[in-house]
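Report on the structure given below.
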Protein chains: 2
Amino acid sequence: MAGIAEVARVAGVSKATASRAITGSGYVSHATRTRVLEAASALGYAPSTSAVSLATGRTQNVGVIIPYVDRWFFAEVLEGIQDSLLREGYDLTLYDARPGTPGRKRVFEDFLARKTFDGLIAIGLEPDDHELDRLVAIGRPVVSVVGEAGPTTSLVTLDDQHAARRATEHLLELGHTRIAFLGGGGADGAHVDHDRLLGYHATMREAGLAPWHLPSPVTLPGGYAAAADLLGDVRARPTGIVGTCDEVAIGAVIAARRLGISVPSSLSVVGIDNHEYAEMFSLTTLEQRPQEQGSKAAELLLAQLRSPGAAPVQLHLQATLIMRNSTAPPLGAASASVS
Amino acid sequence: MAGIAEVARVAGVSKATASRAITGSGYVSHATRTRVLEAASALGYAPSTSAVSLATGRTQNVGVIIPYVDRWFFAEVLEGIQDSLLREGYDLTLYDARPGTPGRKRVFEDFLARKTFDGLIAIGLEPDDHELDRLVAIGRPVVSVVGEAGPTTSLVTLDDQHAARRATEHLLELGHTRIAFLGGGGADGAHVDHDRLLGYHATMREAGLAPWHLPSPVTLPGGYAAAADLLGDVRARPTGIVGTCDEVAIGAVIAARRLGISVPSSLSVVGIDNHEYAEMFSLTTLEQRPQEQGSKAAELLLAQLRSPGAAPVQLHLQATLIMRNSTAPPLGAASASVS
DNA sequence: TTGAAAGCGGTACCAT
DNA sequence: ATGGTACCGCTTTCAA
């Protein structure tokens, strides 16, 4: 309840001086500064954010647009963002924008227009043209996590093609030739899965091998069902599977076990993510660190807020291979090594 | 950029009238109202939230304090909250308060004091006394999801004892007598797991059976490891397991399968949650609907904001049994039925 | 039914 | 180094 006027009165100075002392801007003698600060803490003074925003034009708040909070990757990125923002004293406003929901429409039509934030972070948004227009129209800096580079926005993303390429190469190096790619290709065709599929295709083509793509929902049960289907036919079975993400890959591992196919001796499976369950399933995978991506995105945004002129930054991260025990040379192959 | 003054000018009225027309409060003739509204939409007018907040004292914003966003239950509750708030035009500010982190301290010391919200929702917070003080000191309505009832705050929670009781009873009714409880009891001793353990204990005691509690981290890998331990000893093995939550229960199912113990014929497993993976593992479970809990919490809070005098509400939800295929009578038992 | 003007709680410019 | 004061953009009495 105590306002800055009260603080000023108690400290025996003017509002102006009190403001300077508290915000730390402008000249204030050491003596008065401490006097003001003491008065403030004695009164339990906390500046009204709306008054500050109104006067300064800054909200000390960052908006985060996210399609799902209940998926591993998104939740991890969000944690990373939150962590960085908290450290810098920024609030975080969450906008849930699940594709195809009325809520998403409202976010773009109503909520963003309020501009209750100094900048935005969009996680795996994949906006359509109209949504993109709205986003740009806001006139606030935007950082994307996952996706394509725009000319005006910064970006933090995994190099998805590269990750899929490395996963595929890993199986090739072990001597596999019958390698299937599990995931994506659905109607919602996420950009991520598209890129990973591309990386797989290119790598297979370069190795002179036939690509073998099985669409699957990008979830653990989805991977399980798709893999169960795939592995059901005893004779036409791959010896290696690249999962578009760890959840799909783990689904495949579980399906294989249920069918009595032992991993890795009869079937190799590699994923992308390093999901929290990966270790438990001894899953070989290409690690990406979503929390770090989130932190990085927040830092890029805050930097942008500090120096508005600065050019946008595009960060392409490379996944690193973590070898566990879900991949091995195919049965009956001398252990091969391709440079 | 366009302010209400601009809108008023274009519509040929005063700021006051424009404000009335836009907010829908006070008398405005139908003719002028439409004129103002047209001017507003023509100019793409959006009211400045900081100005509105400063003038009205309301922020149209709800703060959500959450210890983890990357756990299923919490993420689901958050989705539910977001959904309800969005519908009512409220923003949602997220405060991450992972136990034992410096961030949590900052949330309680600095961020909450800013009062950038009209009310708070705390999900599974389990605040210590000091934190509770701070929470109350804010002077804004609070709704808790999960946990204990305070005299001043509303609450939405599952009846955890009851859920565990029902899970245990289910196994008893099938004829099991050697029933272990998996989960909780760790150092972080969450209230939830404590209550569920209590419900299990009481039910076993009433049935004249020896309780058998195995501590375990409340995660899928945690349940897996604990169950692997438990089931390793062939002779002293339970015929039924109650998991403190589905992730733990699913971990147990996976561990059993790996050990060649077939579920449900040699081992019954029941969980609590109805987690998104439950169906894939045919897990019998006691369903709670976290999204609905979140929506409900948001509605309670908004109701409280509308009528500040109203008494707090305590909602205790009952989980309902979903029978799948992870539970069956124990080997060699005539199918029993207890009324 | 409408308009004028006084705040809401700060910040920042301009003097002193 | 400090104080006076005009805003920031909107809501809300009070008078007309």
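The sequence lines fix the lettering, A, B, ..., with proteins before strands; numbering per chain opens at 1. Reckoned from all heavy atoms, side chains included, excluding hydrogens, waters and symmetry mates.
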Please give, in whole Å, the distance from [N] [atom2] to [X] [atom1]?
X: A:Lys15; N: C:dG7; atom1: NZ; atom2: P; answer: 12 Å
X: B:Glu6; N: D:dC10; atom1: CD; atom2: C1'; answer: 15 Å
X: B:Leu43; N: D:dC10; atom1: CG; atom2: P; answer: 12 Å
X: B:Arg58; N: D:dC10; atom1: CZ; atom2: P; answer: 18 Å
X: B:Lys115; N: C:dG9; atom1: NZ; atom2: P; answer: 11 Å
X: A:Leu54; N: D:dA6; atom1: CG; atom2: C1'; answer: 13 Å
X: A:Arg33; N: D:dT2; atom1: CZ; atom2: C1'; answer: 13 Å
X: A:Arg114; N: D:dG9; atom1: CZ; atom2: C1'; answer: 16 Å

Among [options], the one nearest [X] by side-chain distance:
X: B:Ala55; options: D:dT11, C:dG10, D:dT5; answer: D:dT11
X: B:Val28; options: D:dC10, D:dG9, C:dT2; answer: C:dT2
X: B:Ala51; options: C:dA4, D:dG9, C:dG10; answer: D:dG9
X: A:Thr17; options: C:dT1, D:dC10, D:dG3; answer: D:dG3

Say whether, by atom type as modelled, one donor and one acceptor occur between the side chain of A:Thr153 and the main chain of A:Val143 under 3.5 angstrom.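 No; judged by distance alone, with no hydrogens or angles, the pair does not exist.
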Scan side-chain atoms only and decide if B:Ser14 and B:Thr17 contain a donor-acceptor pair under the 3.5 Å cut-off. yes
With a 3.5 Å cut-off and no angle check, do the side chains of B:Ser53 and B:Ser50 form a donor-acceptor pair? no
Side chain proximity check, [X] to [Y], heavy atoms < 4.5 angstrom:
X: A:Glu109; Y: A:Arg134; answer: yes
X: A:Leu317; Y: A:Gln288; answer: no
X: A:Val145; Y: A:Thr157; answer: no

Tell me whether the OP1 or OP2 atom of [N] has a side-chain N or O from [X] closer than 4.0 Å.
X: A:Ser50; N: C:dC8; value: no
X: B:Thr56; N: C:dC8; value: no
X: A:Ser48; N: C:dG10; value: no
X: B:Ser14; N: C:dG3; value: yes
X: B:Tyr45; N: D:dC10; value: yes

What residues 18-25 of chain B contributes to the DNA chain C interface at heavy-atom separation below 4.0 Å is B:Arg20
Is the CG atom of A:Asp129 crowded by more than 12 outside heavy atoms at less than 6.0 Å? no
For B:Thr32, answer base if it contacts any base atom (sugar-phosphate contacts may also be present), sugar-phosphate if it contacts only those atoms, and nothing otherwise; contact means non-hydrogen atoms under 4.0 Å.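 Since only primed, P, OP1 and OP2 atoms lie under 4.0 Å of B:Thr32, the category is sugar-phosphate.
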For residues A:Ala39 and A:Val10, report the shortest heavy-atom separation together with the two atoms involved.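 Answer, listing the atom of A:Ala39 first, then A:Val10: CB-CG1, 3.8 Å.
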Establish, for the pair B:Arg71 and B:Phe73, whether the NZ or CZ atom is under 6.0 angstrom from the six-membered ring centre and no further than 45 degrees off its axis.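 Pair B:Arg71/B:Phe73 does not count as cation-pi.
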Is any NZ, NE, NH1 or NH2 atom of the basic residue among A:Arg87 and A:Asp83 found under 4.0 Å from an Asp or Glu carboxylate oxygen of the other? yes
Angle between the end axes of the helix from C:dT1-D:dA16 to C:dT16-D:dA1, five pairs per end, to the nearest 10 degrees?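 The end-segment axes of the helix from C:dT1-D:dA16 to C:dT16-D:dA1 are tilted 40° relative to each other.
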